[in-house]
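Right, one structure below, let's go through it.
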Amino acid sequence: MRTVPSIIHLDMDAFFASVEQAAKPSLRGKPVIVGGLGGRGVVSTCSYEARVFGVRSAMATAVARRLCPNGAYLWPRFTAYRACSEQVMAMLRALSPLVEQLSVDEAYVDLAAGPYGPALAAAAPGEGAELVRAICQDLRADIEERTALTASIGAAGSKLMAKIASEQAKPDGLVLVNPGLERTVLGPMAVRALPGVGPATEQVLRRAGLMTVAEVAELSEEELMRLLGKAHGAGVSLMARGLDDRPVVPDRDAKSVSVEDTYEVDLADRDRILHELDILAARCVRRLQATGRSGRTVVIKVRRFDFSTLTRSETLRGPTDDEGVIAATARRLAAQVNLTGGIRLLGVGVSQLADFTQEDLFAQAAAEAALAELDAQEAAEEEEPDAEQEPLPESGAAAGSVAAEPAGVEGGAPAAGAGQLAAQRIWLPGQDVTHRELGPGWVQGSGVGRVTVRFETPDSPPGRVRTFLVDDPELTPSDPLPLRPPPDA
DNA sequence: TCTGGGGTCCTAGGACCC
DNA sequence: TCTGGGGTCCTAGGACCC
């Protein structure tokens with residue numbers, strides 16, 4: 001156990017909404033809701049101004065609109081968020097090689113493994129804590145200066161307490177928990193404060209009369225394991241007593257890749273469903289190939305009209321990144337599912353990832369076979385042991401069945417992107433655009449053949465609104481602008 | 001008011017092997 | 001010949017997180 005609170009957890013405040021407010025001066029101080037804006041969309045993130053109205057993450061956007069009818073509702077701009085995220089993560093990596101990124105806006109850092117490590121190790125406990133405080137305040141100030149965004153930080157002797165502290169620090173704050181005070185801090189908290197305790201676990205604990213962490217900490221590990229199961233019970237038992245020795249682990253490899261779509265209207269037609277699976281398989285494969293990996297288990301996910309969800313999976317004989325194989329497997333799996341009554345969501349995923357493919361294995365096997373052949377020729381004539389000539393059903397048959405399909409259906413489907421948006425003249429609220437004369441702005445809304453654009457940039461005053469025909473050739477989609485001018489410029 | 005998309009980890013049963 | 005136990009893999013589902 002550490003004597004200095006040298007593990008920090010950093011969490012960007014209302015990340016997506018904050019990026020939007022930084023990019024769009026007219027939205028500062030206003031309720032901003034970022035998420036899916038279709039009939040089945042949900043809120044990803046909302047600004048603190050929106051939370052006053054009761055808007056929350058994961059809430060149906062339709063509900064949010066009723067609670068907060070005058071908010072700005074925007075589609076997410078992931079490219080812009082990723083750019084900000086990378087800036088922040090780079091700043092964290094300057095503090096330590098041990099940076100564990102949990103999501104686009106959240107990370108642990110082990111300061112003891114970085115340049116401040118020796119000073120922290122040499123410091124008396126009180127001095128060490130003050131050094132951590134200074135490092136964190138500098139970091140928060142640097143982040144705000146370089147990205148125009150605020151971050152909250154928790155610092156403690158463990159990941160558990162650092163995470164709890166950052167939650168307490170929000171928004172735009174810093175909280176340290178000195179080692180030794182874990183149980184004092186945790187004790188009065190509701191059980192839901194523990195990471196990993198969600199609605200189901202909370203219910204179980206409440207039925208056992210346990211509301212606070214201190215009450216849970218009084219139970220024995222055995223009792224908690226009986227209530228919550230082996231692994232979860234043991235984990236909650238340790239957490240409740242403030243015990244956590246998990247190390248900060250950088251760069252963990254992904255274990256699965258998946259894509260899914262919820263459709264505006266339930267799908268009923270079988271051929272349409274199979275076609276959508278092909279499209280999802282293609283998207284999944286694109287992501288897989290971008291990471292240079294391949295997968296052995298293919299899984300499909302089906303959510304029915306009544307929100308009941310099921311999965312079907314099949315493990316192939318070897319890893320693949322072949323679109324035809326994955327699409328054909330997905331179709332085979334779909335044949336096992338009752339698709340009647342309407343499908344609201346489809347997904348395709350791949351797990352058991354490897355850094356090579358079945359084809360690599362074939363090539364390797366062929367090379368080995370060739371060598372063996374040479375050896376065999378050199379050796380005395382001998383009876384060949386029966387080579388196991390089992391066909392490889394997944395690869396062989398599946399690829400064949402796809403080739404037999406009407407060619408080019410999925411191959412001809414265009415990739416959705418800025419180009420397609422431009423061609424179809426679909427303007428999404430929040431989207432970056434440029435007008436040839438009026439310059440950069442963003443789409444405020446569109447309908448009945450018109451699109452409304454506000455012309456402003458991160459460093460301009462709030463801008464004016466103009467309306468155009470949706471197919472106005474002067475108006476084009478554009479890339480996000482940096483929230484702050486680059487330091488050299 | 002009606003529920004996204006991307007993940008991780010755990011459990012449990014059955015098959016299969018030793 | 002019958003019975004049992006343990007380990008591993010596969011599949012399906014669920015809880016949880018951001």
Side-chain angles (χ1 to χ4, degrees), chain A residues 9-16 33-46 54-69 75-76 78 81-82 85 100-107 159 163 166-167 170 191-205 225 228-236 239 246 249 252-264 266 280 283-284 287-288 291 296-317 333 336-337 344-353:
Chain A
H9 178 261
L10 177 137
D11 203 331
M12 303 297 292
D13 300 321
F15 184 50
F16 294 1
I33 297 93
V34 181
L37 305 188
R40 289 175 167 178
V42 302
V43 175
S44 291
T45 318
C46 60
V55 180
R56 294 289 179 272
S57 290
M59 172 182 276
T61 303
V63 176
R65 281 192 196 273
R66 245 191 327 282
L67 294 172
C68 185
W75 283 97
F78 292 107
Y81 310 150
R82 213 171 301 120
S85 172
E100 181 174 338
Q101 193 172 345
L102 299 179
S103 71
V104 73
D105 75 328
E106 217 184 301
K159 286 165 118 179
K163 173 130 179 131
S166 76
E167 199 60 39
K170 273 184 217 178
V191 293
R192 273 300 290 274
L194 297 174
V197 174
T201 307
E202 180 188 31
Q203 279 281 47
V204 172
L205 294 175
M225 284 171 43
L228 304 178
K230 205 170 169 221
H232 200 208
V236 168
M239 282 195 294
R246 293 169 300 161
V249 182
R252 270 185 294 212
D253 273 353
K255 301 197 165 173
S256 66
V257 171
S258 67
V259 297
E260 63 188 56
D261 255 348
T262 292
Y263 302 94
E264 284 293 312
D266 289 352
L280 291 165
R283 265 169 54 196
C284 184
R287 293 251 312 277
L288 195 60
T291 66
R296 194 157 86 90
T297 301
V298 178
V299 52
I300 67 165
K301 177 171 168 182
V302 176
R303 175 122 73 211
R304 280 191 261 254
F305 64 98
D306 61 355
F307 219 73
S308 62
T309 306
L310 57 81
T311 62
R312 289 292 177 273
S313 67
E314 182 178 326
T315 299
L316 310 177
R317 292 165 61 97
L333 290 166
Q336 304 172 17
V337 178
R344 85 179 265 142
L345 170 147
L346 287 173
V348 173
V350 169
S351 59
Q352 290 223 64
L353 301 187

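Each chain gets a letter, A, B and so on, in the order its sequence line appears, and its residues count up from 1. Keep in mind that the numbers below use all heavy atoms, side chains included, and drop hydrogens, waters and symmetry copies.
Positionally, the nearest nucleotide of DNA chain B for A:Arg344 lies more toward the 5' end than for the other of A:Lys301 and A:Arg344. In terms of position on DNA chain C, the residue among A:Thr201 and A:Leu333 whose nearest nucleotide sits closer to the 5' end is A:Leu333. Residue-to-nucleotide proximity on DNA chain B shows that, of A:Asp261 and A:Gly229, the 5′-proximal contact is made by A:Asp261.
A:His232 places a side-chain N or O within donor-acceptor distance of the main-chain N or O of A:Gly196, the cut-off being under 3.5 Å. Within the 3.5 Å criterion, the main-chain N or O of A:Val104 finds a donor-acceptor partner in the side chain of A:Ser85. A side-chain donor-acceptor contact under 3.5 Å links A:Glu100 to the backbone of A:Val249.
Residues forming a side-chain contact (heavy atoms from CB on, under 4.5 Å) with A:Glu260 (at least two apart in sequence, or on another chain): A:Lys301, A:Leu345. Not counting sequence neighbours, the partners of A:Phe78 by the side-chain contact (heavy atoms from CB on, under 4.5 Å) test are A:Phe16, A:Pro76, A:Tyr81, A:Arg82.
Pairs of Watson-Crick or G-U wobble type, with distances under 3.5 Å, assemble into runs of 3 or more in DNA chain C at these ranges: B:5-18 with C:5-18.
Residue A:Gly36 is classed as having no contact, given no heavy-atom separation below 4.0 Å to the nucleic acid. Contacts of A:Arg296 with the nucleic acid, taken as non-hydrogen atoms under 4.0 Å apart, involve only primed sugar atoms and P, OP1 or OP2. Backbone-only engagement by A:Val259 is indicated by non-hydrogen atom pairs under 4.0 Å involving sugar-phosphate atoms exclusively. Residue contacts for A:Leu345: at a heavy-atom cut-off of 4.0 Å it reaches the sugar-phosphate backbone alone, with no base atom in range. Within the nucleic acid shown, A:Val299 has no heavy atom closer than 4.0 Å to any nucleic acid atom. Across all strands, A:Leu310 comes closer than 4.0 Å only to sugar-phosphate atoms, never to a base (heavy-atom distances). Heavy atoms of A:Glu260 sit under 4.0 angstrom from at least one base atom. A:Gly233 comes within 4.0 angstrom of no nucleic acid atom, judged by non-hydrogen atoms across all strands. Here A:Gln203 lies out of heavy-atom contact (under 4.0 Å) with every strand. In this structure, A:Val104 reaches neither bases nor backbone, as no heavy-atom distance under 4.0 Å exists between it and the strands shown.
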Can you give each donor-acceptor pair under 3.5 Å made by side-chain atoms of residues 54-67 of chain A, sequence neighbours left out, with the distance rounded to 0.1 Å?
from: A:Arg56; atom 1: NH1; to: A:Arg51; atom 2: O; distance (Å): 3.2
from: A:Ser57; atom 1: OG; to: A:Ser44; atom 2: O; distance (Å): 3.0
from: A:Thr61; atom 1: OG1; to: A:Gly36; atom 2: O; distance (Å): 2.7
from: A:Thr61; atom 1: OG1; to: A:Gly41; atom 2: O; distance (Å): 3.3
from: A:Thr61; atom 1: OG1; to: A:Val42; atom 2: N; distance (Å): 3.4

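Of all heavy-atom pairs between A:Arg40 and A:Thr262, the closest is CD-CG2, 4.0 Å.
The same atom, C1', is picked in B:dC17 and in C:dT3; the two are 16 Å apart, to the nearest Å.
Under the 4.0 Å criterion applied to side-chain N and carboxylate O atoms, A:Arg344 and A:Asp306 are not assigned as salt-bridge partners. A salt bridge does not link A:Lys170 to A:Asp13: none of the charged side-chain nitrogens sits closer than 4.0 Å to a carboxylate oxygen.
Counting 5' to 3', DNA chain B first comes under 4.0 angstrom of a heavy atom of chain A and last does so at the ends given by B:dT1 to B:dT11.
A heavy atom lying under 4.0 Å from DNA chain B marks the following residues of residues 56-66 of chain A, by number: A:Ala58, A:Val63, A:Arg66.
For the pair A:Leu205/A:Leu228, a side-chain contact is recorded, criterion being any heavy-atom separation below 4.5 Å from C-beta on. Side-chain atoms of A:Val350 and A:Cys284, non-hydrogen and from C-beta on, do get closer than 4.5 Å to each other.
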**Request:** Could you give me the CA-CA distance, side-chain angles and deciding distance for A:His9 and A:Leu102, then say whether side-chain contact (heavy atoms from CB on, under 4.5 Å) is met?
**Result:** CA-CA 10 Å; A:His9 178 261; A:Leu102 299 179; 3.9 Å; yes
